[in-house]
Amino acid sequence: MRRKLVAGNWKMNGNLAANSALLNELVAALGHAAPCDVAVCVPAPYLAQCQHQLADTVVSWGGQDLSAHEAGAYTGEVSATMLADFGSHYAVVGHSERRAMHGESNALVAQKTLRALRSGLIPIICVGETLAEREAGQTTEVVGEQLKAVLAVLEAADLTRLVVAYEPVWAIGTGKTATPAMAQEVHATLRALLAGQDAVAAAGTRILYGGSMKPDNARELMAMPDIDGGLIGGAALKSADFLAIIAASGAQ
Ligand code: PEP
């Protein structure tokens with residue numbers, strides 16, 4: 001049985017005061033026992049705030065990206081060990097906004113994944129097709145190539161320590177959500193690819209859905225057999241919505 005994970009991706013939003021209120025509301029509402037694993041992936045400047053406010057709570061935290069390099073002359077980049085220094089558990093890798101706006105290739109995403117794993121972070125590896133790719137019948141091929149590039153650089157033991165997030169690009173921030181059946185079909189394909197590396201480990205790998213997951217669709221999405229939680233953008237910025245999604249993870 002895979003424990004579900006609901007992770008918020010704040011993107012480039014927040015400020016000290018708003019974050020403080022949001023984190024306090026989450027911690028107060030969840031108490032000592034959440035129905036799933038919970039995390040917030042925040043802009044790097046706010047990692048220290050998370051470490052301060054979330055230590056010894058049920059909410060973990062992490063970054064939204066990391067450098068493929070270990071250290072050195074890479075102005076503006078944030079390394080895996082820096083994320084870990086601030087107590088991060090997770091790092092989002094290969095988000096479609098980074099792939100589209102920063103030209104991140106499958107090979108670069110693979111290197112970042114490796115860097116996260118070797119620094120003790122759990123990478124949340126995002127894959128997903130654009131609307132044009134879906135309409136051209138290329139979904140399986142596109143997400144398959146994205147995941148295979150990562151699997152090519154990993155060792156079998158790594159499969160137990162990573163999270164995959166299926167995020168159809170056309171559903172991110174648009175209010176359009178994949179139906180549970182559409183998402184399940186892709187999740188099953190991704191799990192089959194993972195199983196090709198190691199069937200036992202793949203049975204334990206969490207595959208999240210992301211793309212306009214909201215309180216009113218979270219329950220039916222997370223009821224699907226291969227949907228092990230959510231990567232949440234917009235709805236993670238409002239404590240009531242994020243908490244409702246977390247509650248839906250336990251209502252299966
Ligand atoms: C995301 O950015 O990972 C995401 C899923 O965003 P939203 O929930 O806003 O669609």
Side-chain angles (χ1 to χ4, degrees), residues 4-14 18-19 22 26 36-44 46 59-66 83 88-102 104 109 112-113 116 121-131 133-134 139 142-143 146-147 150 162-180 182-184 186-187 190 206-222 224 226-249:
K4 287 194 170 22
L5 166 64
V6 172
N9 172 19
W10 287 3
K11 311 195 189 199
M12 200 174 71
N13 292 297
N19 302 346
L22 175 55
L26 296 181
C36 62
D37 289 345
V38 178
V40 288
C41 294
V42 305
Y46 299 127
V59 183
S60 302
W61 59 96
Q64 300 174 2
D65 182 36
L66 76 165
L83 296 181
S88 298
H89 278 61
Y90 298 97
V92 176
V93 183
H95 191 278
S96 64
E97 286 154 15
R98 296 216 54 91
R99 291 178 189 264
M101 297 176 202
H102 301 272
E104 293 200 3
V109 172
K112 290 186 172 192
T113 301
L121 300 171
I122 297 174
I124 301 176
I125 306 153
C126 300
V127 300
E129 82 288 3
T130 63
L131 185 58
E133 288 162 344
R134 174 162 280 271
T139 300
V142 170
V143 300
Q146 290 171 338
L147 185 58
V150 172
L162 55 79
V163 173
V164 176
Y166 169 53
E167 297 210 307
V169 178
W170 48 270
I172 295 178
T174 58
K176 292 182 190 149
T177 318
T179 64
M182 281 160 80
Q184 167 57 27
V186 179
H187 281 232
L190 294 170
R206 290 184 288 192
I207 308 178
L208 313 184
Y209 170 80
S212 299
M213 193 185 264
K214 302 272 186 275
D216 62 1
N217 59 25
R219 186 178 173 162
E220 51 174 1
L221 282 160
M222 287 193 274
M224 303 309 282
D226 287 297
I227 301 185
D228 307 313
L231 182 57
I232 319 298
L237 298 171
K238 295 182 198 138
S239 61
D241 286 358
F242 196 52
L243 287 164
I245 294 170
I246 291 165
S249 77

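Indexing begins at 1, ligand by ligand and atom by atom, following the structure's order.
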Just so I know, are the side chains of Lys112 and Arg98 near enough to count as touching, which here means a heavy-atom distance under 4.5 Å?
yes

Is it true that a side-chain atom of Thr130 and a backbone atom of Val169 form a donor plus acceptor pair closer than 3.5 Å?
no

So, Arg99 side chain and Val109 main chain: donor-acceptor pair closer than 3.5 Å or not?
no

Taking the side chain from Arg219 and the backbone from Ala248, do they hold a donor-acceptor pair closer than 3.5 Å?
no

At less than 4.0 angstrom from any atom of ligand 1, which residues have a non-hydrogen atom? List them by chain and residue number.
Asn9, Lys11, His95, Glu167, Ala171, Ile172, Gly173, Gly210, Gly211, Ser212, Leu231, Ile232, Gly233, Gly234

Ignoring hydrogens and angles, tell me if any N or O in the side chain of His89 forms a donor-acceptor pair with the backbone of Ser60 under 3.5 Å.
no

Can you check whether Ser212's main-chain N or O pairs, donor with acceptor, with Asn217's side chain at less than 3.5 Å?
yes

